[in-house]
There are 2 protein chains.
Amino acid sequence: MADHVDRILTQWHSEKPDLDVSPMAVIGRLNRAAIAVESRLADTFARHALDSASFDVLATLLRSGAPYRITPVELARDAMISTSAVAQRLNKLETRGLVRRAANPNDGRGTLVTLTDSGRELIEAALPDHLETEHAIIAALSVEEQSNLAALLQRIHDAASSS
Amino acid sequence: MADHVDRILTQWHSEKPDLDVSPMAVIGRLNRAAIAVESRLADTFARHALDSASFDVLATLLRSGAPYRITPVELARDAMISTSAVAQRLNKLETRGLVRRAANPNDGRGTLVTLTDSGRELIEAALPDHLETEHAIIAALSVEEQSNLAALLQRIHDAASSS
DNA sequence: TAGCAATTGCTAAGCACTTAGGTATTATGA
DNA sequence: TCATAATACCTAAGTGCTTAGCAATTGCTA
């Protein structure tokens, strides 16, 4: 059952026997698991002519509910990226006719991003497929293990964020 | 205890009550935890004038043991990046005098990358600091929870990779 | 209420990755 | 053995992020 991370730990043990490299067992696997999942999800996105970044924007608009209209700042907060990255994502999506930008009547500085009909059709079609892929991955764990994993990840997240 | 992922799930429930979005609870937190950890580790790397990519190369060379000499192909496999990305990482590190490239006497096509003395000093200094940061993060979990988490992540990794 | 600070959203430039493609060398098998 | 395939490594170009910086508007406060 030795995986890549195990081999790295073994190498460290023989080269630096005095160092406690046990944290790498967790953090190394966290990284690799995240990369493997992301890569698997990308296949599904590609089948719908999307990438992870575009899916993210369209899904955020969809789950905001009718009239599917939010600000770039909200998109940035939600995706944990800069507002500049949002602007560039929106440029791409607007060119494809999947979203539309309009002036925010309540804030002269602001913009409101709306899902177009064709954008909504696309994300409504991609979403069930995406969920099926996610389900196929986490089905490797029992329901109890899933909630266990989610709780542990949340605590790691908090520990990494604090300070 | 409601975090960002909980709020996203709540939004989906009210907008698409028929969809089972429970996989997002795990995969969403996997992503966010990995990003938070990566960001925390980056601070430590920066204190040693390194980034994650450079640290990765130097650490791989160090743990290979004396004479700290491996091929770009091995580096690519280990870091799960293209050999082209390795070439660019090495260009940077070689300019800084942290690694050195030489022809592989056993393979006319090949190159051998060696850790220079100054590269070795740098990584030997950064490594304990890095491990301390990793330890500070995973100390949020008991030892048993840590090995539990590592095992669950390995299974998620395998599930995402297969097929 | 005038002026300064904060916010919003954009483009430009820089960075690290990817894929594409080139060159050189080694391995294969007809 | 010799043509062809595979491998190793690189640069170039494209992509999507970041930070820097700009212009416009709004919010705060003296």
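These numbers were taken from a predicted model, which means no experiment stands behind them.
Taking every heavy atom of residues 71-94 of chain A and every atom of DNA chain C, pairs under 4.0 Å involve P72(A), V73(A), S84(A), A87(A), N91(A), by number.
With respect to the salt-bridge test (charged N to carboxylate O, under 4.0 angstrom), the residues R29(A) and D3(A) qualify. R32(A) and D158(B) are not joined by a salt bridge, as no carboxylate oxygen comes within less than 4.0 angstrom of a charged side-chain nitrogen.
Under the 3.5 Å distance criterion, the side-chain polar atoms of T95(B) are matched with a main-chain donor or acceptor of N91(B). Side-chain atoms of R100(A) never come within 3.5 Å of backbone atoms of T116(A) as a donor-acceptor pair (strictly under, hydrogens ignored).
Looking at heavy-atom distances under 4.0 Å, D51(A) makes contact with sugar-phosphate atoms alone, never a base. In this structure, D107(A) reaches the sugar-phosphate backbone alone: every heavy-atom distance under 4.0 Å involves primed, P, OP1 or OP2 atoms, never a base.
Between T60(B) and V57(B) the shortest side-chain heavy-atom distance does not fall below 4.5 Å.
For the atom pair CZ of R77(A) and NE2 of H4(B), the computed distance is 9.0 Å after rounding to the nearest 0.5 Å.
Reading DNA chain C from its 5' end, the first and the last nucleotide to sit under 4.0 Å from a heavy atom of chain B are dA16(C) to dT26(C).
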Salt bridge (charged side-chain N to carboxylate O under 4.0 Å, His left out) assessment of R155(A) paired with E145(B):
CA-CA 11 Å; R155(A) 285 167 61 197; E145(B) 286 169 332; 3.0 Å; yes
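Axis angle between the ends of the helix from dT1(C)-dA30(D) to dA30(C)-dT1(D), five pairs each and rounded to 10 degrees, works out to 20°.
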